Amino acid sequence: MSEARRVRATRWGLVLAFLALIEIIPRLGLVNPIALVPLSEMVWQLWLLLKDGTLADHILRTLTSIVAAGALAVVTGLPLGVALWRLETTRRILQPYLTTYYAIPIFAFYPLFIAIFGLGSMPVIIIAWAWAVVAIVLQTVIGLDAVPPVLVKVGRSLRLSSWRMFTRIYFPAATPHIFTGFKLAASYTVIGVIASEFIQAEKGVGFFVGFSYNNFAIQNMYAAILLILVFAVALNSGLLALERKLYGRQG
Amino acid sequence: MTAQRTTILIGQAAIPLVLLALWQVSAMLAGDFYIATPADAFAALDRDWFFDSLGATLLAAFVGFLIAAAAGLWIGVTLGLTRFWGKVLEPVTLSVYSIPKVTLFPIFLTVFGFGLGSKVAFGMFHGIFPILIIAMNATREVNVVHLKVARSLRLSRTQTFKQVIFPSIYPSLLTGLRLGFSLTLLGVILGEMFASRAGFGYELVEAITLHDMPRMYGIVATLVVIAFVVNALLLRWEQAASGPRRAVAAR
């Protein structure tokens, strides 16, 4: 077996072993049955919840918020990144603040937005957007900074207008970094939306987890957690695979 | 050049004032039912609970961070040295890093109980991943020749770590620790919001329940200041360790 295959086989072996443990430990009664549910019951319960439509509304709400916040982050983050790249002084003024931005516990702001906008999608989308947008801004600046000078010289010697310089040289050359920004933004958006819903909301998959927990519906809680984990891991692996395929490098 | 430097320094010093002014103006526009003014928020930070909460939150964050740092460093270096296991587990750690961890909080609550245990564990769970991932990647970059020299000098594992690995990964490790501390603080605050009778997270939830706007804004502002100050100190240390290189991190 080649090393790559051995690595993959071992990884899957470990993952399967972990899943098997989640199945076996509660079945053997090693933990309190209200603490952990066997994996097969989580899957079955998730299937039931999906089939009878209990989760449909929550999933719809969560996905809508994720798409809205993600789209908003792209639409605002790209222009802000380009502007910051052009405005050297502004960028240097903001740099220490941008570097510390992700140190701020953003979820503390969530109650403030609930107080202003009321319970609903709005505060959720704002939190998720605020967390995702800065990753796009930073990666856009980094990407545009990293454009090889040779490409810029080619553009100059072709006497491209500054608009064309941007659309034909700078932007395409910066896309690998910008894609990394999108990838980060995607996982930040998902975390932002689901975590906010969990903290306080009236709908959404994150809300459903907390709601089930508070009502001792442990099976429902684990079913929803399972759905969230599968979704987050699938999205992340999908974007990572896409990035490798497009740009042939590891994020 | 010096004129530009002055502009930048003045600009950087002005940012907090600009934010404060924006806060004041939005409070005046929105009214004190929605947004408390900075003065009211500051006045609401009552000596009765403020220092107790500060102590509780910082203690939990500090303990969680120490465990995350020690465990993350140990696991990261081990995985970095054993290339096979590093390759096996890297995607797994990246996946766990990118999931919405908040939804797993009920599990922490079940295992560690209400109070200090679960919030420390939850903070640690948030903080360990950047430390582990960065330590692993930095250890892989350690010069192979240096490791061979260590082996031919028959250095013990501890000596090899102290004399060869640690000095080499130190600058990157500081980045990991900085990111790790921010996330630990976030994890602790979230833990306090759901299951604690002490700390800023708990006080924040209390203030939400009572619709005590000044206190909410006071707590959030305090958290932002703490996160910013700690991060700025760690960032300064990091930059001193790695030389005058530009430090723009998207995470």
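Letters A, B, ... are given to chains in the order of the sequence lines, protein chains preceding strands, and every chain is numbered from 1. From a predicted model like this one, the values you see are computed outputs, not experimental measurements. Computed over heavy atoms, backbone and side chain alike; hydrogens, waters and symmetry mates excluded.
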When [options] are compared by non-hydrogen pairs under 4.5 Å with chain B, the top option:
options                                : result
A:Pro111, A:Gly192, A:Ser237, A:Ser187 : A:Pro111
A:Val209, A:Val141, A:Thr89            : A:Thr89
A:Val15, A:Val134, A:Thr100, A:Ile225  : A:Thr100
A:Leu112, A:Val233, A:Ile194, A:Ile104 : A:Leu112
A:Ile218, A:Leu235, A:Ile199           : A:Ile199
A:Ile191, A:Thr90, A:Ile93             : A:Ile93

Under a 4.5 Å cutoff for heavy-atom pairs, which residue among [options] has the most contacts with chain A?
options                               : result
B:Ala14, B:Ala232, B:Pro100, B:Ala207 : B:Pro100
B:Ile107, B:Leu89, B:Val92            : B:Ile107
B:Val88, B:Thr110, B:Val102, B:Leu186 : B:Val88
B:Ala30, B:Gly11, B:Pro91             : B:Pro91

Side chain, backbone, both or neither: which part of [X] has a heavy atom under 4.5 Å from chain A?
X        : answer
B:Ile10  : neither
B:Ile189 : side chain
B:Leu190 : side chain
B:Leu204 : side chain
B:Ile8   : both
B:Ile226 : neither

Under 6.0 Å between ring centres, would you say that holds for [X] and [Y]?
X        : Y        : result
A:Phe107 : A:Phe113 : no
B:Phe112 : B:Phe122 : no
B:Phe194 : A:Phe198 : yes
A:Tyr101 : B:Phe228 : no

Is [X] in contact with chain B via its backbone, its side chain, both, or neither, using a 4.5 Å heavy-atom distance?
X        : result
A:Leu94  : side chain
A:Leu14  : side chain
A:Phe231 : neither
A:Ile116 : both

(message) Quick one, A:Thr62 with A:Glu197, criterion side-chain hydrogen bond (donor to acceptor under 3.5 Å, both in side chains). Give me CA distance, side-chain angles, the key distance, then yes/no.
(response) CA-CA 8 Å; A:Thr62 300; A:Glu197 289 174 350; 3.1 Å; yes

(message) Take a 6.0 Å sphere around CZ of B:Phe84 and say whether it holds more than 12 heavy atoms from other residues, nucleotides or ligands.
(response)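 Yes, because the 6.0 Å sphere around CZ of B:Phe84 holds more than 12 heavy atoms from other groups.
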
(message) Could you check whether B:Arg215 makes a cation-pi contact with B:Trp49, meaning its NZ or CZ is under 6.0 Å from the centre of the six-membered ring and within 45° of the ring axis?
(response)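 Pair B:Arg215/B:Trp49 counts as cation-pi.
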
(request) Give the intermediate values and the outcome of salt bridge (Lys or Arg N to Asp or Glu O under 4.0 Å) for residues B:Glu90 and A:Arg11. (result) CA-CA 10 Å; B:Glu90 187 175 20; A:Arg11 186 185 304 143; over 6 Å; no

Does the side chain of [Y] come within less than 4.5 Å of [X]'s, by heavy atoms?
X        : Y        : value
A:Ile126 : A:Tyr110 : no
B:Pro130 : B:Leu183 : yes
B:Tyr34  : B:Met213 : no

(request) Give a yes or no answer on whether the side chain of B:His126 reaches the backbone of B:Phe181 with a donor-acceptor pair at less than 3.5 Å. (result)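 A pair under 3.5 Å: no.
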
